Every structure is written in structure tokens, then in C-alpha cells.
Amino acid sequence: MEKEIIQQALETKLNCILSDASDRDLYYALLEYLKQQTSTRPQLDGSRKIYYISSEFLIGKMLSNNLINLGLYHHVNNLLKEHGKHLSTIEEIEPEPSLGNGGLGRLAACFLDSIATLGIPGRGIGLNYHYGLFKQKFSNNLQSEQPNPWIEDAGWLNKTDISYDIQFTNFTVKSCLYEFDVVGYRGSVNKLSLFDIEGIDTSIVHDGIAFDKNDIAKNLTLFLYPDDSDQAGHLLRIFQQYFMVSNAVHLIFAEMDAKGYDYAELDKHVVIQINDTHPTLVIPELIRQLLVKGLPLEQATAIVKRSVAYTNHTILAEALEKWPLSYLEKVVPTAIINIIKYLDTAIKAQYTDPSVDIIDQDGRVHMARIDIHYCFSVNGVAALHTKILKNSELKQFNDIYPNKFNNKTNGITFRRWIMQSNSELTDFLAKTIGNDFKFNSLELDKLMSYTNDSNVLSQIDLIKQTKKQQFTEYIKVTAGIKLNPQSIFDVQVKRIHEYKRQQMNALYVIHKYLEIKEGKLPSRPLTVIFGGKAAPAYTIAKHVIHLILCLQQLINSDPEVSPHLQVVFVENYNVTVAEKLIPAADISEQISLASKEASGTGNMKFMLNGAVTIGTMDGANVEIAELVGPDNIYTFGKDSNTIIELYRTNGYHSWDYYFYDLLIKRAVDFINSPGMLAIGTKERLDQLHHELITKDWYMTLIDFVDYIKTKDQMLSDYENREQWNRMSLVNIAKAGYFSSDRTIRDYNQDIWKIDLN
């Protein structure tokens, strides 16, 4: 009956029968039908609400996700099949919203899904970036950046009539609000609110993603993370951040006004979670707007301190924002500057330790310090990360506020990462353990009853092979790359950064290449797949991409090596690619330097889809290892305490490893060897070679030999297919803990304290 209703609705919109409609027309008909269906679902509401403010929301394509969450996926999928249509090809027409970069934005998207799923009244708040981060293009073995337009006249994004005047230091802009409906599993709905300005001018972009960074009225919401290698870039980021939070406060207060709430009771009705330091200015902005409403300064500050919570995502100094006060003075209203000075004076009156000052002796404003002092909760995102924050990186603050710090281990929207991206595994699990895992991910643990069932293990193997074949076909069509689906798919996909150590994986590729050239052939072909973007101004990260692309060209064109080893760097890696690649992975590379990865969420997605992890004991890898046990994960490398101590004592010198280990020296020296220089750019390869020998800030070489040993053992163990499939099964079974539903329940129980609908 449901199929007939859907068919009639779609054919009414199409003005033709389904079999005669084009895929594009079907996509827009489905979009309108689902928007109509969503409008009939309950909008979550209550006397207390969570506002989740983030500079990124990497929401991915929405068609299948909304079909699943509305309970319509199978009806629509089967209906289309009956008329010779394929949902998978229709999905390809949908543009992916370019609203995030990596884990930070994907986590925010997962959280919004789970907030709605659990019946928590909430709203995400961010910016409506027209070109997002950038579209990554490869040419001459180099990354270049292009605009990534995604906004369509007919799409999921809805323009509202809500607008606010946002005052900067010397001028005012008028905002406009756009919204996505966020549909939770089983159909409850919240909003993702994205602020924009009418005057955005995309014509000012030239030569890739270059544009006039001074013309704020035309560029304010053009790009996520505009290049901040100069003062204009820094100022633009501050403009974006203040624009985001000022709009957020206007919207929050408007919703309070609509319900007749007293501003003095803000903390009873509103809880604001800020995702990293980018939204920090919401704290002085809340105080400013409360002052405008007539509250005294001390009372306003106290109210705000009870209303805002902060999630820390990193210990990396580069990500703990510090803005010169002089820069802030060029952007934000004078009242904001005065409030920041007031907050700093209050802290300095209480504490003599300069490391907790908000404004340091060089006149820089430390955003994380504002958050820690003036939020009621500070959480890390994995057990190890939170431990490092409390005992090392932020120890002085934990000593002051011992009850403020808490851990909330990250999670993923497992419905997207299994039900949407791996229907074969989903159907198999439903037949094997029942359907309850689709709402309660801990039900996946029932799979542990089948660890010795050869039929179940063979099905796990067959599903993996199916997903590998599907990805092989996808990458052939989209990128012209031919893969061997019988090879081992060894995958490292994440933002390109030295601490994530893609360079170590590349050195292993070199090591394996040289072994094959010497006649030491692997038991089974190995395909090493990379994906991820480097920030435009991050020179060394772009050199790492250049190295990998040069290796790809060298190895894949070598008839002696390519049957045994292949390197693939997927261009413009995004959520769409991830949904196809992650289910196909045999090996999940999680090899960051211990203590540097706060959590990771890719590790959870790979685990859920049956990949086996090779990783350091870093971030959430620690909790994965505890759950699956030592026999179902491959760990290597120095532990976090050792690494932290080496940083403290300046005890690591990469040249000691380079000069005294011939295996390391051979791999590193290959970077700028004649064969590589014939393909690549000498300046880039020489600089990367020099960086590894003389600096290697993220200690690539300290773990390299152990990495080789562990990975070689992993490749050998892969040949015991039954044992490998058992490891895969255990990883799937134990992945239920890493559901964002569980994470959000923890946030709500310990921090937000909102009654569930």
C-alpha cells in the first residue's frame, strides 16, 4: 500500500509514469516528496533546548539518509527497481553540501542526527558557505584548489524570512537564515540553521580559490577556513566567527521571546555546546546582548557561565586559537573588546599563573582559555584525550576546576555508515541477529555468538568482496582507475596532516616497492588507498600529497611492481566517496602519533564495516583495542606517555634514526632519488626529505620499523581467511559502543539535562 501511495505522489509531481522519467527528474520529485513528508513529522520542542554551534557540519548527501530515517527507503528502492530505475544512480545527481572538512564537521552532523533520533529539542547553528572548503584537483602530481559550489535553487536548503543586523567595528551587515531539516531515525525533526548574507559575490573568486579577503560584504560566507597565511585571512576568520555567534544569540533570544522566557533564566531554557574554539565569541556576545536587555554585567556573566559548554577537539597548538587583541579590535564591536578585557581582569585577580590568563603578555586572546573559564563543562572526545587534557596539556585548568572536565567519547551515525553505505551487511545482520540493532547499536554484540560459525564467517567474507568489487567499478567510472578487487585494500583516508602520518604510510609503500624490485614478492597483491585534503597554506602536507602522487605514478607504471603493489590517491575525498570506500576496506590505517589524535571517527566507521585496524594507541584506538581485544587489532608504536616526555625534554632527534638504521635511511632517501626526481618537483621532494631528517616534529621515524613489522604480520595473517573473517566479525560486533546515539545520551545525561520527547 505504501509503495502505491509513493508512486502516485511521484507521478503526480513528474506528470508521467516512473519508467518514463529521467533520473534527474526523479531525484527532484523524490526531494520534494520527502520535504513534504518531513513537514508532517513532529518538530521537537520543549522548555529546554540544545544549541550546537559549529563552524563545520559535514552532513553528506541527504536523499538516502532521509529515506532511511523516515522509514521509506525499502519502499522507494523497490518501487524504482520495478520501473527499471536504480536509487544508487539517482543518488549520484545530488550535490554534496560543502560545509565541512573532516572529523570535526562529520561529528557535528552525526550529533544532529542523534539529537533528533533521541527526541532532544535542538538546533545546529553554523554558516552557509557557498564554496565550502574547496574541491581538490590533482595535476602534475600536485594538489590544486577549486571552488566547490553545491547550492541549488531546488534543494534541501530552505530560505527563511529571518534576518538580523550584525554590527562589526566599522560597518553593519544584514544576515539571512537558511535551514535544513534534520530528520532523526523514526522521523523526529530538528533544524540545522546556517547564516548567510545577501551580498555574497562569487564572481570575485579567481585563479582557483583566490579572492579579495578585505571585501567582507562580498566574501563573508564564500569559503570555509579561508587561507589565513596573512592578516587579511586572519581577520576574515574572525569576521566569520563573530557573524556566526552573533546571529546565533539573536536567534536564541528570538526563540526565548516567542515563549515568553525571562532572560535572567537563560540557563534554565538554553544550553549552548560549542564545537571546538571557533564559536568562542558566543560567550562575550551573550554577555553583550544580555547587557542590552538590561541585565547587570556580573549577573549576565554568571548566567552565561551556566549556559555554555565547550568541547575540546585537540591538543595541537595550531588549533587552539589565539587572536591578537588588535585583530579583534578591527572586527568586533567595542563592547565585545571591553567584555573580553573584563573577563581577563577577573581571572587575573583570582590567579597569578600567567598560563591561565585570557589575554597573554603579548596581547593575544586565548580562545580556549575563555571557554575553560567561562563554560560550565569542558569535555574531551576520547578517554585518552581527556586524560591528557587533565593530566598534561590543561593540567593547570584542571587543578582550578577539578569537576569541570569530563570525557565524551565520540561516536558515529551508524545508520548512515552501515544501513546506507552497506546494505548487504545490514540485510545479513538483520537475518542473523534481528533488526533491533538499527535503533540500539549495542545489539550488534549478539554477533559474537557466531565467531565460530563458518557459514557466518564466509558470509562476512563474501560481503566484503562484494563491496570491494563495487568500489572497483565506482572508481573505474569516476576516476578511470583500475583496481584489483582480489588485492588487499589498505586504506588511509583523513585530512592530510603530519601528525596523522600519511608520510609514514608512504615510506612503507617505498619499502614494499624496493622489496618487490629485489624479488621479494608479497603473497597477495596490495592496494594502498589514500584520500584527504591538505590546507592550501600547509606546505609540508602538500609535499606529502606530492610524494604519494609521484609514488602512484612510479609504481603503477612499473610492469615489474604494479601486479603486486598499487597506490591510489582518491581525488577530492568526501562523504560520498567514504560511503563507498569504507565498506570496501580490509585494513584501516589509524597511525597518528600517540597523544596527538583526540579521537578519530573514521576508525569507528571502518570498524563497523569489518575492516581490521592497524594503529597506534592513540585517541579512540585505545577504546577500540579494549573492546575487541588484542587478537583483533594490530597496535604498534611508542605510547603517549613516552611521546609526551620526549616533547617535554626535546629528546627526539630524527637524524639518530635516519643515520643509524639502514632500513629507515633507504626508504627516506628514496623520496628524492633520481627515479622520483624524474617524476616530481625537486624542490618539494628535497624539502620533504630534509624535513624528515632534521625536524620530523611528529616523529615519523620513531615508529617506522615497528610499523613495518606490524603491517607485514598483518598482511601475512590476511591469508588465514577464516581467522581474518573472525577478526572482522568481532570488530563489527563491538562497534556498537561507538554510536553517536550513545555519545549524545552521555552529553544529555551529564551536561545538557534536557527532558526527552
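Quick note: residue numbers are just sequence positions, from 1. Everything numeric here is computed off the predicted structure, so don't read it as measured data.
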Beyond-backbone contact of [X] with [Y], side-chain heavy atoms, under 4.5 angstrom:
{"X": "V356", "Y": "R369", "result": "no"}
{"X": "R416", "Y": "C110", "result": "no"}
{"X": "F397", "Y": "H373", "result": "yes"}
{"X": "W156", "Y": "D181", "result": "no"}
{"X": "K533", "Y": "N572", "result": "yes"}
{"X": "D113", "Y": "I59", "result": "no"}
{"X": "N379", "Y": "F405", "result": "no"}
{"X": "I336", "Y": "E285", "result": "yes"}

Under 3.5 Å: donor-acceptor pair, side chain of [X], backbone of [Y]:
{"X": "N190", "Y": "I120", "result": "yes"}
{"X": "K259", "Y": "G46", "result": "yes"}
{"X": "N69", "Y": "G187", "result": "no"}
{"X": "T169", "Y": "E329", "result": "yes"}
{"X": "Q37", "Y": "L70", "result": "no"}
{"X": "Q241", "Y": "T280", "result": "no"}
{"X": "T160", "Y": "L177", "result": "yes"}
{"X": "K348", "Y": "I359", "result": "yes"}
{"X": "R106", "Y": "L58", "result": "yes"}
{"X": "N128", "Y": "D196", "result": "no"}

For [X] and [Y], does a side-chain donor sit closer than 3.5 Å to a side-chain acceptor?
{"X": "Y263", "Y": "D257", "value": "yes"}
{"X": "Y225", "Y": "E56", "value": "yes"}
{"X": "N275", "Y": "H313", "value": "yes"}
{"X": "N406", "Y": "S377", "value": "yes"}

Once rounded to the nearest 0.5 Å, what's the spacing between atom [atom1] of [X] and atom [atom2] of [Y]?
{"X": "E393", "Y": "T386", "atom1": "CD", "atom2": "OG1", "value": "13.0 Å"}
{"X": "L34", "Y": "L72", "atom1": "CG", "atom2": "CG", "value": "6.5 Å"}
{"X": "L63", "Y": "I93", "atom1": "CG", "atom2": "CD1", "value": "9.5 Å"}
{"X": "F57", "Y": "I125", "atom1": "CZ", "atom2": "CD1", "value": "8.0 Å"}
{"X": "I358", "Y": "I340", "atom1": "CD1", "atom2": "CD1", "value": "8.5 Å"}
{"X": "D153", "Y": "Y28", "atom1": "CG", "atom2": "OH", "value": "9.0 Å"}

More than 12 heavy atoms of other groups within 6.0 Å of [X] [atom1]:
{"X": "K218", "atom1": "NZ", "value": "no"}
{"X": "K322", "atom1": "NZ", "value": "yes"}
{"X": "Q350", "atom1": "CD", "value": "yes"}
{"X": "K268", "atom1": "NZ", "value": "no"}
{"X": "D755", "atom1": "CG", "value": "no"}

- Task: Take D276 and S55 through the side-chain hydrogen bond (donor to acceptor under 3.5 Å, both in side chains) test and state the conclusion after the steps.
- Result: CA-CA 9 Å; D276 219 340; S55 63; over 6 Å; no
Grab the two heavy atoms, one from [X] and one from [Y], that are nearest each other, plus how far apart they are.
{"X": "F414", "Y": "K438", "result": "CZ-O, 3.5 Å"}
{"X": "S421", "Y": "E579", "result": "CB-O, 3.1 Å"}
{"X": "F239", "Y": "K330", "result": "CZ-O, 4.2 Å"}
{"X": "S739", "Y": "S441", "result": "CB-OG, 3.1 Å"}
{"X": "M419", "Y": "I68", "result": "CE-CG2, 3.6 Å"}
{"X": "S114", "Y": "R415", "result": "OG-NH2, 4.4 Å"}

- Message: Please determine whether side chain to side chain contact (heavy atoms under 4.5 Å, CB included) holds for the pair N148 and N574, giving the CA-CA distance in whole Å, both sets of side-chain angles, and the decisive distance to 0.1 Å.
- Response: CA-CA 12 Å; N148 192 15; N574 56 17; over 6 Å; no
- Message: If you apply the rule side chain to side chain contact (heavy atoms under 4.5 Å, CB included), what do you find for N398 with L389, and how did you get there?
- Response: CA-CA 8 Å; N398 189 53; L389 291 180; over 6 Å; no
- Parallel, tilted or perpendicular, as decided by the 30° and 60° cut-offs, for the rings of H269 and Y261: parallel
- Message: Is the ring pair F180/W150 parallel, tilted or perpendicular, if the boundaries are 30 and 60 degrees?
- Response: parallel
Would [X] and [Y] count as a close aromatic pair, with their ring centres under 6.0 Å?
{"X": "W752", "Y": "Y747", "answer": "yes"}
{"X": "F223", "Y": "F211", "answer": "yes"}
{"X": "Y374", "Y": "Y342", "answer": "no"}

- Begin with the C-alpha distance, continue with both residues' side-chain angles, and end with the deciding distance and a verdict on side chain to side chain contact (heavy atoms under 4.5 Å, CB included) for I272 and I252. CA-CA 10 Å; I272 297 168; I252 291 167; 3.7 Å; yes
- Task: Using a strict cut-off of less than 4.0 Å between a Lys/Arg side-chain nitrogen and an Asp/Glu carboxylate oxygen, indicate whether D746 and R742 qualify as a salt bridge.
- Result: yes
- Message: Assess whether a salt bridge exists between K213 and D230, defined as any Lys/Arg side-chain N lying under 4.0 Å from an Asp/Glu carboxylate O.
- Response: yes
- Note on the structure: Between E179 and the options R123, K159, K35, the salt bridge (charged side-chain N to carboxylate O under 4.0 Å, His left out) test singles out R123
- Query: So among R48, K49, K753, R306, which one has a salt bridge (charged side-chain N to carboxylate O under 4.0 Å, His left out) with D267?
  - Reply: R306
- Report the C-alpha separation of T413 and Y185 in whole Å, then their side-chain angles, then the decisive distance to 0.1 Å, and conclude whether the side chain to side chain contact (heavy atoms under 4.5 Å, CB included) test is met. CA-CA 10 Å; T413 310; Y185 189 58; over 6 Å; no
